[in-house]
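What's counted below: heavy atoms across the whole structure, side chains too, no hydrogens, waters or symmetry copies. Note that this is a predicted model, so its numbers are computed, not measured.
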Amino acid sequence: MKRNPSIELYRVGLMFGICLLHSITFGPYKCGWASNILASCVVGFVFISGWFGVKFSWLKLAKLYGIGLYAALVFGLLSWLVGDVDTFCGALMLGWHKLTHGFWFLHAYAFMIMLSPAINALICGGGGGKIIPIYPLLGLVWIWGFGRTLPYGSEILPATAGLDSYGGVTLTAVYAAARWCSVNKIEEKIKAGWLFAALPVLWFLTGIGLGDYNSPFAFALAGVMFLFSLKVKVPMLLCRSVNFLAPSMFSVYLIHTNEVGARFIKYIETLVIANIFDCPAIAVFVSAIIVLICATLLDIPRRFCMARFIRN
C-alpha cells in the first residue's frame, strides 16, 4: 500500500522524537517524564508496519540487515576516526560486534517480520478480523511482560526469557494489535474528540513510568498519534523535505544509537549550554535536530549506492 505524505511526516516526527529521547537519556540533562512519554515513538514505528502490513520475503530481510550492516560500518569508521580503535581492521571488527551484539530494534524487527505471515493469516484470514486469535499474544506482552515491570510485578509474575521490552515478542504483539486496528478500520469508529480526550490521560500514564515498549499505554499513545497523522494535510513545500528524510529514518535510528552517538550528543548539549543559551531544554532540542540531520547525511552514501544498483 502506498503511504501518503502525512504518514511519511509521521515517520519523520517519530524519529525526531526518538532523537529527543536519546538526547535526554544519553546527554547530561535528564528529564524522566519526557523520556518516558517519548518512548512511545519507538512503538509508533512498529504501529505503522502493522497498520499497512508486512509481506515477508527473504529479500526484505536482506535489505533490512543491509541497512544494519551499513550502520555498523559507519559506527566502526567513526570509532576509528575518534580514536576508540587504532586500525581499520579494528574498526571493522567493532562494527561487526555492534551488528551482532547490539541494534536490539533491528533484530527484534526482523523477528517480527518473520512472524508476520502467521499474524496476517490469523487476523486477515482465518481470524476474520476478530481479535480473539491474538488474545494470547497480547496477554503475554501487555499483562505478563508489562506486569513484571510494575512494582512487585517481578515478585508476583513468573520470569521467562523473551518477554522484556527489548524483544521480538513485544514488537510482534504491537504489530498484531495495529494490524487488527487497520483491518477493522478503527479510524472510522473513533471520533476526534475521543482522541483529544485520551491524549492527556496517556501522556500522564506514560509520563509516570507506565510507557515501556511492552506497555498497552505506549501502544495506545502511538495509535492515537497515528490516527491524528491520518488527518494531517502536508503542504507541498514540506512534502519535498519529508520525502527526502523519510527513506533514511531507520538508518538514522541505527547510526546514532551507539557509544559515538552518545558522546556526540553530550558534546553538542554541553557546547550549547556553554556558548549559546544556558537552558537544558533548548540544548536537548538543538541536539536532537543536529543528530537527525547528521545521521541523515551519513546515510546518503547508502541511498546513492542503492539507487545506482537498482538503476543498473
Between [X] and [Y] (side chain of the first, backbone of the second, donor and acceptor by atom type, cut-off under 3.5 Å), is there such a pair?
X: Thr170; Y: Asp164; answer: yes
X: Lys189; Y: Asn184; answer: yes
X: Ser251; Y: Asp299; answer: no
X: Asp212; Y: Asn214; answer: no
X: Arg303; Y: Pro247; answer: no
X: His107; Y: Leu99; answer: yes
X: Lys30; Y: Gly27; answer: yes

*Does a salt bridge link Lys231 with Glu187, judged by any charged N lying under 4.0 Å from a carboxylate O?*
no
Does a side-chain heavy-atom distance below 4.5 Å link [X] with [Y]?
X: Pro5; Y: Val242; value: no
X: Thr257; Y: Phe105; value: no
X: Leu38; Y: Ile18; value: no
X: Cys19; Y: Val252; value: yes
X: Tyr109; Y: Ser49; value: yes
X: Val169; Y: Phe111; value: yes
X: Asp84; Y: Val260; value: yes
X: Leu69; Y: Trp96; value: yes

Please determine whether residues [X] and [Y] belong to a single hydrophobic cluster, defined as Ile, Leu, Val, Met, Phe, Trp and Tyr linked transitively by side-chain heavy-atom distances below 4.5 Å.
X: Phe277; Y: Val284; answer: no
X: Met15; Y: Ile268; answer: no
X: Ile276; Y: Leu20; answer: no
X: Ile7; Y: Ile190; answer: yes
X: Val54; Y: Leu64; answer: yes

Using every non-hydrogen atom in the two residues, find where [X] and [Y] come nearest and quote the distance to one decimal.
X: Ala222; Y: Ser40; result: CB-O, 3.8 Å
X: Ala283; Y: Val272; result: CA-CG1, 3.8 Å
X: Ala71; Y: Ile255; result: CB-CG1, 4.0 Å
X: Ala198; Y: Val224; result: CB-CG2, 4.4 Å
X: Thr296; Y: Leu292; result: OG1-O, 2.7 Å
X: Phe103; Y: Gly68; result: CE1-O, 3.5 Å

*Between Trp144 and Phe146, is the gap from one ring center to the other below 6.0 Å?*
no
*Between Phe228 and Phe196, is the ring centre distance below 6.0 Å?*
yes
*Aromatic rings Tyr213 and Tyr166: how do their planes relate, parallel, tilted or perpendicular, breaks at 30° and 60°?*
perpendicular
*Would you call the rings of Phe226 and Tyr10 parallel, tilted or perpendicular, where under 30° means parallel and over 60° means perpendicular?*
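Perpendicular, since the angle between the ring planes exceeds 60°.
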_What verdict does the ring pair (Phe, Tyr, Trp, His ring centres under 6.0 Å) test give for Phe16 and Phe285, after you've listed the backbone C-alpha separation in whole Å, the side-chain angles of each residue and the deciding distance to 0.1 Å?_
CA-CA 10 Å; Phe16 178 68; Phe285 190 80; 5.4 Å; yes
*May I ask you to establish whether Arg179 and Phe47 are in a cation-pi arrangement, using a distance under 6.0 Å from NZ or CZ to the six-membered ring centre and at most 45° from the ring axis?*
no
*What do you reckon, is CH2 of Trp104 surrounded by more than 12 foreign heavy atoms closer than 6.0 Å?*
yes
*Neighbour count above 12 (heavy atom, 6.0 Å) for Lys63 NZ*: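 No, because the 6.0 Å sphere around NZ of Lys63 holds 12 heavy atoms or fewer from other groups.
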*How about Tyr29 and Ser23: does a side-chain donor come under 3.5 Å of a side-chain acceptor?*
no
_Looking only at side-chain N and O atoms, does Tyr253 offer a donor or acceptor that is under 3.5 Å from a partner on His22?_
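Short answer, no.
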*Could you please spell out the steps behind the side chain to side chain contact (heavy atoms under 4.5 Å, CB included) verdict for Leu221 and Phe217?*
CA-CA 6 Å; Leu221 180 55; Phe217 305 118; over 6 Å; no
*Taking atom CG of Leu199 and atom CH2 of Trp194, what is their separation to the nearest 0.5 Å?*
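Reported value, rounded in 0.5 Å steps: 15.5 Å.
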